[in-house]
Protein chains: 2
Amino acid sequence: MLAQDRLTSTFQALADPTRRAILSRLSQGEASVTELAAPFSMSMPAISKHLKVLERAKLISRGKEAQWRPCKLEAAPLEAASNWVEQYRAMWEARFDRLDAYLKEVQAKEGNTTKPRKANGRKKY
Amino acid sequence: MLAQDRLTSTFQALADPTRRAILSRLSQGEASVTELAAPFSMSMPAISKHLKVLERAKLISRGKEAQWRPCKLEAAPLEAASNWVEQYRAMWEARFDRLDAYLKEVQAKEGNTTKPRKANGRKKY
DNA sequence: GCTTTACTTAACCAAATGGTTATATACATT
DNA sequence: AATGTATATAACCATTTGGTTAAGTAAAGC
């Protein structure tokens with residue numbers, strides 16, 4: 001899986017509790033690598049790698065200030081991810097609405113009998 | 001990384017284009033495994049594995065109908081994921097609002113001079 | 001009962017992931 | 001110039017991931 005589109009790298013970056021915690025921290029403002037590493041019982045290189053994943057996914061950007069590399073949150077990919085999720089959530093909800101409408105419709109015309117369908121060939125959903 | 005919380009398994013499941021395409025298809029209604037596999041140039045076992053990942057993440061559920069295992073979308077985890085993302089996106093936007101307010105405030109009191117801070121010790125963000 | 005259809009499981013493999021320790025780099029302080 | 005501080009890179013390792021093919025299971029149709 002090398003053809004990494006934006007959504008893939010975004011979700012992949014979000015699929016780790018450490019990285020989500022880092023983003024959570026950064027949502028309150030910029031922080032240095034050491035500051036970000038503090039809450040975790042994990043080596044600095046490990047944090048460095050997580051930051052690289054977040055950076056590659058463009059969820060964070062980094063500056064230079066003397067020997068510090070302050071990180072800050074970039075929300076654009078979060079927006080794209082949120083939009084994707086919401087899109088399908090909405091479709092899913094729309095299905096319920098349609099089912100609801102259909103059930104009402106069926107209920108309206110009383111006593112309709114459905115012929116038993118042929119045993120083979122799966123019903124279409 | 002074995003302690004898989006809900007968000008982790010949700011995002012991890014979403015971090016694959018094939019699985020997202022499957023969810024996309026399922027947002028339009030139930031489908032059998034063979035139906036879901038059709039658009040992909042991939043073996044059935046590969047699809048089967050993807051479905052297992054989606055099922056473990058509770059993004060889909062599966063029924064039994066003769067030899068078919070119809071899959072359907074379950075939106076609850078999508079909701080949780082969306083909420084998480086939106087939460088931090090919102091915080092991030094709130095920061096801009098606060099910065100904006102701060103800049104207006106600073107702009108209000110003219111000609112304020114800032115003393116140069118001590119060279120060492122990184123500024124707090 | 002045999003075959004076909006739908007799907008799963010097992011065994012395998014290469015590559016990616018998430019961690020480690022040890023070493024290097026860059027800037028600041030003394 | 002030497003030392004300390006902040007961070008990155010390299011080399012390594014175990015586990016997970018995403019795919020494969022081959023074999024197994026279960027129900028339906030002939």
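Please read all numbers here as calculations on a predicted model, not as lab measurements. Throughout, protein chains are lettered first and strands after them, A, B, ... in sequence-line order, and every chain is numbered starting at 1.
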Value in whole Å for how far the [atom2] atom of [N] lies from [atom1] of [X]:
X     : N      : atom1 : atom2 : result
B/L36 : C/dA6  : CG    : P     : 13 Å
A/I60 : D/dT7  : CD1   : C1'   : 13 Å
B/K64 : C/dC7  : NZ    : P     : 13 Å
A/W68 : C/dC27 : CH2   : P     : 12 Å
A/L51 : D/dT9  : CG    : P     : 12 Å
A/I22 : D/dT7  : CD1   : P     : 13 Å
B/F40 : D/dG19 : CZ    : P     : 10 Å
A/I47 : D/dT9  : CD1   : C1'   : 16 Å

Minimum-distance nucleotide (side-chain atoms of [X] versus [options]):
X     : options                : answer
A/T34 : D/dT7, C/dT8, D/dG18   : D/dT7
B/A66 : D/dA28, D/dT17, C/dG19 : D/dA28
A/Q12 : C/dG18, D/dT7, D/dG19  : C/dG18
A/Q67 : C/dA6, C/dG18, D/dG4   : D/dG4

(message) It should be established whether A/H50 places a side-chain nitrogen or oxygen under 4.0 Å from OP1 or OP2 of nucleotide C/dG19.
(response)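 Indeed, a polar side-chain atom of A/H50 lies that close.
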(message) Check this one for me: any side-chain N or O of A/R69 less than 4.0 Å away from OP1 or OP2 of C/dA26?
(response) no
Looking at residues at least two apart in the chain, or sitting in another chain, which of them share a side chain to side chain contact (heavy atoms under 4.5 Å, CB included) with [X]?
X     : result
A/A46 : A/M42, A/S43
A/K52 : none
B/M44 : B/V33, B/T34, B/A37

Considering only nitrogen or oxygen atoms on both sides, find all protein atoms under 3.5 Å from nucleotides 9-12 of chain C and state each distance.
residue	atom	partner	partner atom	Å
C/dT9	OP2	B/K52	NZ	3.0

(request) Tell me, please, which residues at least two apart from A/R20 pass salt bridge (Lys or Arg N to Asp or Glu O under 4.0 Å). (result) B/D5
What side-chain donor-acceptor pairs closer than 3.5 Å can you find for residues 80-87 of chain A, not counting sequence neighbours?
residue	atom	partner	partner atom	Å
A/S82	OG	B/E86	OE2	2.5
A/N83	ND2	A/E79	O	3.4
A/E86	OE1	A/R89	NE	3.4
A/E86	OE1	A/R89	NH2	3.4
A/E86	OE2	A/R89	NE	3.0
A/E86	OE2	B/S82	OG	2.5

(message) Nearest 0.5 angstrom please: B/Y88 OH to A/Q28 CD, how far?
(response)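 Between atom OH of B/Y88 and atom CD of A/Q28 there are 8.0 Å.
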(message) If we ignore hydrogens and angles and just use 3.5 Å, is the side chain of B/R19 paired with the main-chain N or O of B/H50 as donor and acceptor?
(response)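 No, B/R19 side chain to B/H50 backbone: no donor-acceptor pair under 3.5 Å.
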(message) Please compare A/M42 and B/R62 by the position of their nearest nucleotide in DNA chain C and report the one closer to 5'.
(response) B/R62
